Number of protein chains: 2
Amino acid sequence: MLSTYIRSLPTQNVKYINKHAILDLIRFKPGGISRVELAQRLSLTRAAVTPIVTDLIKTGLILESRSQSASSGRPPILLEINARGGFVAGIDMGATHLTILVANFAAQVQAEKEIPFDITKGPDECISQTDRLLREVLATLNLDLKSLSAIGVGVPGPTVAEAGMVLSPPIMPGWDRFPIRDTLAKLWGCPVSLNNDAELGVLGEWAYGAGRGEENLAYIKVGTGIGAGLFIDGQIYRGATGSAGEIGHMTIDENGPLCTCGNRGCLEAMAGGKAIAVKAREAIAQNRRTQLAEIRPPETITALEVAKAAARGDLVAQEILTEAGNQLGIAITSLVNLFNPNIVVVGGGIAQTGDLFLEPIRKAVLKRSLPAAAYAVRITTALLGKRSTCMGAITQAISTALHKNAE
Amino acid sequence: MLSTYIRSLPTQNVKYINKHAILDLIRFKPGGISRVELAQRLSLTRAAVTPIVTDLIKTGLILESRSQSASSGRPPILLEINARGGFVAGIDMGATHLTILVANFAAQVQAEKEIPFDITKGPDECISQTDRLLREVLATLNLDLKSLSAIGVGVPGPTVAEAGMVLSPPIMPGWDRFPIRDTLAKLWGCPVSLNNDAELGVLGEWAYGAGRGEENLAYIKVGTGIGAGLFIDGQIYRGATGSAGEIGHMTIDENGPLCTCGNRGCLEAMAGGKAIAVKAREAIAQNRRTQLAEIRPPETITALEVAKAAARGDLVAQEILTEAGNQLGIAITSLVNLFNPNIVVVGGGIAQTGDLFLEPIRKAVLKRSLPAAAYAVRITTALLGKRSTCMGAITQAISTALHKNAE
DNA sequence: CCTAATTTGTTAAAGTGCTTGACAAATTAA
DNA sequence: TTAATTTGTCAAGCACTTTAACAAATTAGG
């Protein structure tokens, strides 16, 4: 039992809670769900579900759709989110790229744009660049800002979601305590939510990706930095100060290379995007035979190009990736031992190389984790690819929009 | 928002839920709590609390007690658990020690006994030994098994709480899938709950120890093995298969000493009780000047004696503990970065050395963790000392007893 | 010492929103 | 066509809350 549910139920809220539970169940059930199934899943009676559903239909949030009857008996009426209810935007402000997605309330992507970006240029320039791109994307759909019901934003730093800002971010100079959410909300005139990119990554993969419906999942974002997002029991887990999942500065080798954080042998300094690029340049300097040597000047080599070369069969590139995968595997082992998740989703540009990168991770976990945890965990690449964070932002935004409209 | 509370509220249950929430709030508020405060904390009205409290008093689960009025106005009537409601037992089956506590429903310890123990002797012998000790403890109180309402048991291995057994435990040969809970429940004729010792450790420290009322806490048990228990949002966090918190086999040094699990440089192999004893023997073999050399034969030196010698000022012993603390610090850093807890409670025999062991841990965390997480986390020794696990078992048992009586 | 102010706890009426049980609707099977 | 089956709706009843008024027990102040 160990209840400790210091949680109560004023009757005022019970319809509210049931209504939102029904709404979420409809949202995250692909292909629609009937009233009967809603009742079963929520331990309610059909009679209790009916008026709530009627209410949601009247508000225009959900729609009825016919279904092919599977068994005998009256065929169920399927319920699904009204895609035409409105639009939301999801924005991924990465370290080196800015991605914006516009989707409808059913999370169907309507338009997408990505441009190079430099988060270190600070709030002023970055925000005006983001503003321009958002307007551009909207223009392609003949929409304007007024047609957006909510916007979700992801940034590569530890966020305080309630305050809408980042706190001492290692790779976002100039952004510390800048009121990001409020500035954007004022600029765009609609509700904005701000979250860490890895946190949104888990949310996206949980809602529409590889971790659909899992109870405990971790999302590892391998980019310039390395971060993890944790999802526990239907919620993003943020920890005491919102910095949970900071896997990037886990010590892998006490005598390893110097990290930007001042310590030695951090995961990020050994297997992050920059580290991979550095290793490629070192290989070239050692005159090793690799396609990467053709890139001129060598300073422009990025981790993504190493990944592409590896996919084409370049042995040196493959070796570099395997090594990085192995080191990431050590960190993920710790995560698996501590968190014991159902699934670990690896995302970020490099992860799209697939098994080449994943196999060393799987091997490390199988070798080092407790058997019970190691056999239970599935390790896969992000189903949403580089869109994980954006889709998480969109999930957030749709949450805001739907639950506001449901009152 | 990000509700995703796929949780519903049939009205049948609402009184049930409020009743149990009130009961738990009374349990875990030291010194009693008034109806008004209950109402405030649960967002209910006083009028809703009154009949529930009346009900609990009638059942004999709680009592009213006068309070000195603090401010003007009618003084509140404080409510507390009826200590005379009954008795429970908490049993800590450790690797080398067996501890049994008997307490009343207010978690006040009535009797305690500890004997040397060897979990590797398997279920048959261990259970009959435990049975004997329990009867002994009860005899000192003039009680018998019939007077116990519930019993909580902790074991040093990964448990499946619902099944009441352990799964592939590394240090419990012969116990794999043995129906521990059901065997004991039949033997003793009362409800038994089975949990991992570190999990019960967090629960104990959260309920009555150093982590009282914290939202996120981790308890690190340093004994023969090293394990962590995680407490999140009012609940023990168990993960997908119940093996969350397995910190003992985190890799600290890829080239370190061989661990019983087959890998190299696991935390347990470097900073666990056995590793500390081995280091002490090595120091003696090197003829270093230490009080530990007086122990004959050297094979009998234990980690606890190293800790005692360190407390008396023995420099070699202090050096060994500092080194272990440093290595534990590396692992705790990973935990802090991943979990971002409010507090980390270090327990187990060695931890009682206090700051000598804790300072290197604090230093490592401050140096290596993200500033936001490092400054937020408090690192302390277990307030309940070696009783943490037993008190967790008692907390469990009282939960079972109270919530069953409340229907 | 007495009254006002304040806070706690109780009670009855009203209201919310569930369940129960009966029934209508829409299909397949025979 | 009828029976069986399953889905969805409706009205009555009921559980449990809130609202609002009041009783109780104290302190503060004249």
Side-chain angles (χ1 to χ4, degrees), chain A residues 5 7-23 25-26 29 31-59 62-80 406-407, chain B residues 7-23 25-26 29 31-58 62-80 406-407:
Chain A
Y5 28 136
R7 226 151 266 168
S8 65
L9 302 177
T11 344
Q12 272 192 333
N13 297 6
V14 10
K15 184 170 185 189
Y16 175 91
I17 292 177
N18 286 342
K19 190 168 171 183
H20 289 260
I22 285 177
L23 191 54
L25 222 42
I26 295 173
K29 170 87 185 193
I33 187 170
S34 69
R35 289 167 177 80
V36 170
E37 198 181 338
L38 284 171
Q40 287 169 348
R41 297 268 217 112
L42 296 173
S43 316
L44 292 170
T45 58
R46 285 170 294 166
V49 171
T50 292
I52 297 177
V53 165
T54 308
D55 191 37
L56 288 171
I57 292 174
K58 214 177 283 168
T59 329
I62 63 172
L63 290 177
E64 291 188 331
S65 71
R66 262 299 124 91
S67 79
Q68 61 283 41
S69 54
S71 65
S72 83
R74 172 174 170 177
I77 304 168
L78 295 185
L79 302 165
E80 52 190 36
E407 251 135 315
Chain B
R7 227 149 267 169
S8 65
L9 302 176
T11 346
Q12 273 191 331
N13 297 7
V14 13
K15 184 168 184 191
Y16 175 91
I17 292 177
N18 287 342
K19 189 169 170 183
H20 288 261
I22 285 178
L23 191 55
L25 222 40
I26 294 173
K29 170 88 183 193
I33 187 171
S34 69
R35 290 168 176 79
V36 171
E37 197 180 338
L38 284 170
Q40 287 168 349
R41 298 267 217 113
L42 296 173
S43 315
L44 293 170
T45 57
R46 284 170 296 166
V49 171
T50 292
I52 297 177
V53 165
T54 308
D55 192 37
L56 288 171
I57 292 175
K58 215 176 285 170
I62 62 172
L63 291 177
E64 290 188 332
S65 71
R66 261 300 122 92
S67 78
Q68 61 283 42
S69 53
S71 64
S72 83
R74 172 174 170 177
I77 304 168
L78 295 185
L79 301 166
E80 52 189 36
E407 250 137 316

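As the structure is a prediction and not an experimental result, all values here were calculated from the model. Per chain, numbering begins at 1; letters A, B, ... match sequence-line order.
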- From CG of A/L38 across to P of C/dC18 the rounded distance in Å is 13 Å
- Query: Can you tell me how far P of D/dG8 sits from CG of A/L44, to the nearest Å?
  - Reply: 15 Å
N/O to N/O distances under 3.5 Å, protein versus nucleotides 8-11 of chain C:
| from | atom 1 | to | atom 2 | distance (Å) |
| --- | --- | --- | --- | --- |
| C/dT8 | O4' | B/R74 | O | 3.4 |
| C/dT8 | O2 | B/R74 | NH1 | 2.9 |
| C/dG9 | OP1 | B/I77 | N | 2.6 |
| C/dG9 | OP1 | B/I77 | O | 3.2 |
| C/dG9 | OP2 | B/R35 | N | 3.3 |
| C/dG9 | OP2 | B/V36 | N | 3.1 |
| C/dG9 | N7 | B/R46 | NH1 | 2.7 |
| C/dG9 | O6 | B/R46 | NH1 | 3.4 |
| C/dT10 | OP2 | B/R35 | NE | 3.1 |
| C/dT10 | OP2 | B/T50 | OG1 | 2.8 |

- Message: Rounded to whole Å, how long is the line connecting atom NZ of A/K19 with atom P of C/dC18?
- Response: 11 Å
- Over all atoms of both residues, closest heavy-atom pair of B/K15 and B/I52: CE-CG1, 4.2 Å
- Smallest heavy-atom separation, A/L56 atom then A/A406 atom, equals CD2-CB, 4.4 Å
- Message: So, does A/N18 get its side chain near the phosphate of C/dC18, meaning an N or O under 4.0 Å from OP1 or OP2?
- Response: yes
- Task: To the nearest Å, give me how far apart OH (A/Y16) and C1' (D/dT17) are.
- Result: 19 Å
- Looking only at heavy atoms, the pair that brings A/R35 and A/I77 closest together is NH1-CB, 3.9 Å
- Task: Provide the closest heavy-atom pair for B/G31 versus B/L78 in the form atom of the first, atom of the second, distance.
- Result: O-CD1, 3.4 Å
- Would you please name every residue forming a side-chain hydrogen bond (donor to acceptor under 3.5 Å, both in side chains) with A/Q40, sequence neighbours left out? none
- Residue whose closest nucleotide on DNA chain C lies nearer the 5' end, A/T45 versus A/S72: A/T45
- In whole angstrom, what separates A/K15's NZ from C/dT19's P? 13 Å
- Measure from CG on A/D55 to P on C/dC18 and round the result to the nearest Å. 11 Å
- Message: Applying salt bridge (charged side-chain N to carboxylate O under 4.0 Å, His left out), can you list everything that pairs with A/E37, at least two apart in sequence or on another chain?
- Response: A/K29, A/R41
